[in-house]
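Step one of this worksheet: look at the structure below.
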Amino acid sequence: MFDVGFSELTLIGLLALIVLGPKRLPEAARTAGLWVGRLRAFISNVRDDLDRELQGGDLEELRKLKHELDETRRMVRQQSSETFSQLQALDEAITGDHSILPSAETPAQKPRAKTRKKAAKKSTRKKSATKKTTRPAKKKAKRSITKKK
């Protein structure tokens, strides 16, 4: 973490000797040593507590829940695939060649959809044509009124 060499420690010791003096330096070194020891013990306790919690019951409980969730997911997939295959078999038994699935349309349904679309297009064309013819007539009537005034 911090890279402190012998020369840096010597410089710090000389500065402490000059600032604190020879009488108070041993007492200050002892106090600093106690604080460093307490800090190391505190860090060690926190690290141990975290390790115990991670290896403890909470993590194991989460692993159990994950396993149960995976098992439930597997069962649901299996059941849905079985149900789908049963529905397919039932559909084939009822309709024979014709299927109720959306991917298989009967040929008779396609032309009806096209004729409906064409009829819808024709009806919109007729409406737009009638609107165009009525608009100019109204404008002409307004012009004739303004000319008379």
Side-chain angles (χ1 to χ4, degrees), residues 1-139 142:
M1 199 163 148
F2 294 110
D3 187 25
V4 180
F6 183 72
S7 60
E8 287 91 0
L9 286 175
T10 306
L11 181 64
I12 291 170
L14 287 174
L15 286 174
L17 182 62
I18 292 170
V19 172
L20 296 175
K23 290 184 181 178
R24 287 190 274 168
L25 184 62
E27 185 180 328
R30 221 176 291 122
T31 305
L34 285 173
W35 280 102
V36 169
R38 287 180 186 169
L39 182 64
R40 284 184 180 174
F42 175 73
I43 291 172
S44 175
N45 284 338
V46 169
R47 188 179 299 141
D48 291 341
D49 287 344
L50 286 174
D51 287 341
R52 268 187 262 129
E53 285 295 322
L54 289 176
Q55 293 174 358
D58 291 341
L59 187 61
E60 185 62 34
E61 185 177 329
L62 288 175
R63 285 181 184 152
K64 286 179 183 177
L65 287 174
K66 183 184 178 291
H67 178 70
E68 289 175 8
L69 181 63
D70 290 340
E71 184 67 24
T72 304
R73 184 181 298 140
R74 186 189 61 77
M75 288 172 48
V76 166
R77 283 184 182 165
Q78 180 183 3
Q79 187 66 32
S80 64
S81 66
E82 288 175 4
T83 304
F84 184 72
S85 63
Q86 289 173 356
L87 282 175
Q88 273 185 328
L90 183 64
D91 181 39
E92 289 175 3
I94 292 173
T95 60
D97 292 336
H98 302 294
S99 176
I100 60 172
L101 297 176
S103 62
E105 293 183 9
T106 60
Q109 292 174 346
K110 289 183 183 179
R112 289 182 191 168
K114 287 181 183 178
T115 56
R116 287 180 191 159
K117 288 179 184 177
K118 287 180 183 178
K121 286 182 183 178
K122 288 180 182 177
S123 66
T124 56
R125 287 180 190 164
K126 288 179 185 177
K127 289 178 186 177
S128 63
T130 57
K131 287 180 184 177
K132 287 180 183 176
T133 57
T134 57
R135 285 184 185 165
K138 288 181 183 178
K139 288 181 183 177
K142 288 181 184 177

Report task. Check the pair L65, E68 against side-chain contact (heavy atoms from CB on, under 4.5 Å), reporting the backbone distance first and the verdict last. Result -> CA-CA 5 Å; L65 287 174; E68 289 175 8; 4.1 Å; yes
Report task. List the steps and the verdict of salt bridge (Lys or Arg N to Asp or Glu O under 4.0 Å) for D70 and K66. Result -> CA-CA 6 Å; D70 290 340; K66 183 184 178 291; 3.2 Å; yes
Report task. Start with the C-alpha gap between D49 and R52, add the side-chain angles, then the distance that decides, and say whether side-chain contact (heavy atoms from CB on, under 4.5 Å) holds. Result -> CA-CA 5 Å; D49 287 344; R52 268 187 262 129; 3.0 Å; yes
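With hydrogens and angles disregarded, a donor-acceptor distance shorter than 3.5 Å links the side chain of T10 to the backbone of F6. E92 contributes no side-chain N or O that, together with a main-chain N or O of A89, makes up a donor-acceptor pair within less than 3.5 Å.
T83 OG1 to Q78 CD: the interatomic distance, rounded to the nearest 0.5 Å, is 10.0 Å. Atom CG of L20 is separated from atom CG of L15 by 10.0 Å, given to the nearest 0.5 angstrom. Once rounded to the nearest 0.5 Å, the distance linking CG of L17 with CZ of R24 reads 12.0 Å. The line from NZ of K64 to CG of L62 is 11.5 Å long, rounded to the nearest 0.5 Å.
Every residue two or more places apart in sequence or in another chain was checked for a side chain to side chain contact (heavy atoms under 4.5 Å, CB included) with L34, and none qualifies. Not counting sequence neighbours, E82 has no partner by the salt bridge (charged side-chain N to carboxylate O under 4.0 Å, His left out) test.
Contact annotation: the side chain of Q88 never approaches that of D91 to less than 4.5 Å [non-hydrogen atoms, C-beta and beyond].
Ion pairing between a basic and an acidic side chain is recognised when a charged N comes within 4.0 Å of a carboxylate O; E71 and R74 show such pairing.
A side-chain contact (heavy atoms from CB on, under 4.5 Å) with I43 holds for exactly one of V46, N45, L39; it is L39. The only option from Q79, R73, M75 that meets the side-chain contact (heavy atoms from CB on, under 4.5 Å) definition with R77 turns out to be R73.
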